[in-house]
Chemist: 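Sharing a structure below in structure tokens format, with a few things to ask.
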Amino acid sequence: MTGEWIYLNGRVIPLREAPVSPVDIGLLRGYAVFDLLRTANGRPFLLEEHLRRLHVSAASLGLAVPSTDAEIVAAIAELLVRNAHAEATVRFLLTGGESADGMSFDPATPTFMIMTHDLQEPPPELYERGGSLISVEHLREIPEAKTTNYLTMLRHKPRAIAQGALDLLYHHDGRILEAATASFYIVRGRDILVPERDVLYGTVGTFVLGMVREPYRIVEGDVTLDDAYGADEAFLTSTTRGVVPITRLDDRVIGGGVVGPVTAELMERFREALAAH
């Protein structure tokens, strides 16, 4: 459930009173970026990393976040108190603002909001049995930016639901990129293979890999679909799901269809980090 209070252009106001212009270029043309973090023990988790990515995404579209990081931190704290979630997700949304002609925007007058929602975590069975993915040929237009353009994901969502898939796996020219809503990695022996080009920086993925550079070897570069089909293990990382084992890709079983030891260790380390936050 979305919280009853939001932060909009410098003020915390009731959600029901939030004015959203019908000529906002984020609505008219989808010219917008966002980011999403979660709380752990009631406090924002990886906040600095998410703010850094928000600024990178904004710059990619010629936008600038109009609030200072200190103002954003204060706004999040107020929203978490007012909305009283047990645990929450915190969503930043930045658009180009109102557009007189629907084709241009003024970088000096963006629309910026912060919303909180109840944290929705996957069922425990997903981590015990693993999930499946469907591969889809797709390269996001501005991979380094977390834009609000989820057309491909939404268009394929009915098929994913029908096949019981957790997410889509994007690939382009034979290279694996990322899942529609997560980062994707494979394990080969004691190597963790990381798609390096044309992907969004993953906050949780980077955090998790940073904890296990020893004894594992992190190998950044091109990863192919054949690499994934033949992997010993595969996993996703995302803000709301943490580390998720993937045991099936398309019609192929990965790693014998069971959660592998490397993924199991990463899941446990991430849970410990959340608990200790």
Chemist: Could you state the interatomic distance from CD1 (Ile72) to NE2 (His50), rounded to the nearest 0.5 Å?
Modeler: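 Those atoms lie 13.0 Å apart.
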
Chemist: Using the rule given for side-chain contact (heavy atoms from CB on, under 4.5 Å), can you reason through His55 versus Asp69, listing the C-alpha separation, both sets of side-chain angles and the distance that settles it, and then say yes or no?
Modeler: CA-CA 10 Å; His55 288 295; Asp69 285 359; 2.9 Å; yes

Chemist: CG of Leu94 to OG1 of Thr111: how many Å apart, nearest 0.5 Å?
Modeler: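 Between atom CG of Leu94 and atom OG1 of Thr111 there are 8.0 Å.
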
Chemist: Would you mind checking if Arg91 and Asp35 are paired as a salt bridge, meaning a charged N to carboxylate O distance below 4.0 Å?
Modeler: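 A salt bridge is absent here (no side-chain N lies under 4.0 Å from a carboxylate O).
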
Chemist: Would Thr39 and Asn41 count as having a side-chain donor-acceptor pair, cut-off 3.5 Å?
Modeler: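 No, because no side-chain N or O of Thr39 sits under 3.5 Å from a partner of the opposite role on Asn41.
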
Chemist: Walk me through whether Glu128 and Val258 qualify under side-chain contact (heavy atoms from CB on, under 4.5 Å).
Modeler: CA-CA 8 Å; Glu128 297 165 2; Val258 298; over 6 Å; no

Chemist: From Ser183 OG over to Leu236 CG, what is the distance, rounded to the nearest 0.5 angstrom?
Modeler: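 CG of Leu236 is found 8.5 Å from OG of Ser183.
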
Chemist: Give a yes or no on this: more than 12 heavy atoms of other residues, nucleotides or ligands lie within 6.0 Å of atom CZ of Arg217.
Modeler: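 It does not: Arg217 CZ has 12 such atoms or fewer within range.
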
Chemist: Hey, does the Lys NZ or Arg CZ of Arg53 hover above the aromatic six-ring of Tyr201, less than 6.0 Å from the centre and inside 45° of the axis?
Modeler: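 Pair Arg53/Tyr201 does not count as cation-pi.
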
Chemist: Under a 4.0 Å threshold between the charged nitrogen and the carboxylate oxygen, would Glu178 count as salt-bridged to Arg140?
Modeler: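 Salt bridge present between Arg140 and Glu178.
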
Chemist: Decide, yes or no, whether a salt bridge links Arg175 with Asp227 under the criterion of side-chain N to carboxylate O below 4.0 Å.
Modeler: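 Salt bridge flag = no for Asp227 with Arg175.
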
Chemist: Is it true that atom CD of Glu4 has more than 12 heavy atoms of other residues, nucleotides or ligands lying nearer than 6.0 Å?
Modeler: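 Count not over threshold, so no.
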
Chemist: Could you give me the CA-CA distance, side-chain angles and deciding distance for Ser238 and Arg241, then say whether side-chain hydrogen bond (donor to acceptor under 3.5 Å, both in side chains) is met?
Modeler: CA-CA 5 Å; Ser238 79; Arg241 292 172 290 196; 3.2 Å; yes

Chemist: Under the side-chain contact (heavy atoms from CB on, under 4.5 Å) test, which residues partner Val12, sequence neighbours left out?
Modeler: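 Per chain and number, Val12 pairs via side-chain contact (heavy atoms from CB on, under 4.5 Å) with Trp5, Tyr7, Glu78, Leu79, Arg82.
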
Chemist: Step by step, work out the side-chain contact (heavy atoms from CB on, under 4.5 Å) result for Leu61 and Val33.
Modeler: CA-CA 8 Å; Leu61 268 64; Val33 297; 3.8 Å; yes

Chemist: If we count only N and O atoms by modelled type, under 3.5 Å, do the side chains of Tyr229 and Asp250 hold a donor and an acceptor together?
Modeler: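 Yes, a side-chain donor-acceptor pair sits under 3.5 Å.
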
Chemist: Take Ile192 and Val219 through the side-chain contact (heavy atoms from CB on, under 4.5 Å) test and state the conclusion after the steps.
Modeler: CA-CA 6 Å; Ile192 300 176; Val219 182; over 6 Å; no

Chemist: Examine distances only and state if a side-chain atom of Asn83 and a backbone atom of His85 form a donor-acceptor pair shorter than 3.5 Å.
Modeler: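 Not confirmed, Asn83 side chain does not pair with His85 backbone.
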
Chemist: In Å, rounded to the nearest 0.5 Å, how long is the span from NE2 of His172 to CD of Glu137?
Modeler: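 CD of Glu137 is found 6.5 Å from NE2 of His172.
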
Chemist: Using modelled atom types and a 3.5 Å cut-off, is there a donor and acceptor pairing between side-chain atoms of Asn9 and backbone atoms of Phe112?
Modeler: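 Looks like yes, one N/O pair under 3.5 Å.
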
Chemist: Which value, rounded to the nearest 0.5 Å, describes the distance between Lys146 atom NZ and Leu200 atom CG?
Modeler: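 CG of Leu200 is found 5.5 Å from NZ of Lys146.
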
Chemist: So, does Asp191 use its side chain to make a donor-acceptor pair with the main chain of Leu193 at under 3.5 Å?
Modeler: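 No; zero donor-acceptor contacts below 3.5 Å.
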
Chemist: Determine whether the aromatic ring centres of Phe235 and Tyr185 lie less than 6.0 Å apart.
Modeler: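 Phe235 vs Tyr185: aromatic centres under 6.0 Å.
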
Chemist: Is a donor on one side and an acceptor on the other found under 3.5 Å between the side chain of Glu233 and the backbone of Val262?
Modeler: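 Looks like yes, one N/O pair under 3.5 Å.
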
Chemist: Determine whether Leu177 and Leu166 fall in the same hydrophobic cluster, where Ile, Leu, Val, Met, Phe, Trp and Tyr are linked whenever their side-chain heavy atoms lie under 4.5 Å apart.
Modeler: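 No; tracing contacts between hydrophobic side chains, which count when under 4.5 Å, never links both residues.
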
Chemist: Going through the checks in order, is the side-chain hydrogen bond (donor to acceptor under 3.5 Å, both in side chains) test met by Asp222 and Thr224?
Modeler: CA-CA 7 Å; Asp222 290 347; Thr224 69; over 6 Å; no

Chemist: Working to the nearest 0.5 angstrom, can you tell me the gap between Thr203 OG1 and Leu46 CG?
Modeler: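 One finds 5.5 Å between OG1 of Thr203 and CG of Leu46.
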
Chemist: Suppose we call two aromatic rings close when their centres sit under 6.0 Å apart. Are Tyr127 and Phe270 close by that rule?
Modeler: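 Ring centres of Phe270 and Tyr127 not closer than 6.0 Å.
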
Chemist: Of Thr240, Thr2, Thr89, which is the lone residue that meets side chain to side chain donor-acceptor pair (under 3.5 Å) with His117?
Modeler: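 Single side chain to side chain donor-acceptor pair (under 3.5 Å) partner of His117 among Thr240, Thr2, Thr89: Thr2.
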
Chemist: Output yes when Arg38 and Glu121 qualify as a salt bridge under the 4.0 Å nitrogen-oxygen rule, no when they do not.
Modeler: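 Between Glu121 and Arg38 there is a salt bridge, with a charged N closer than 4.0 Å to a carboxylate O.
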
Chemist: Step through the shown structure and confirm whether more than 12 heavy atoms of other residues, nucleotides or ligands are within 6.0 Å of CD on Glu268.
Modeler: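 Count over threshold, so yes.
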
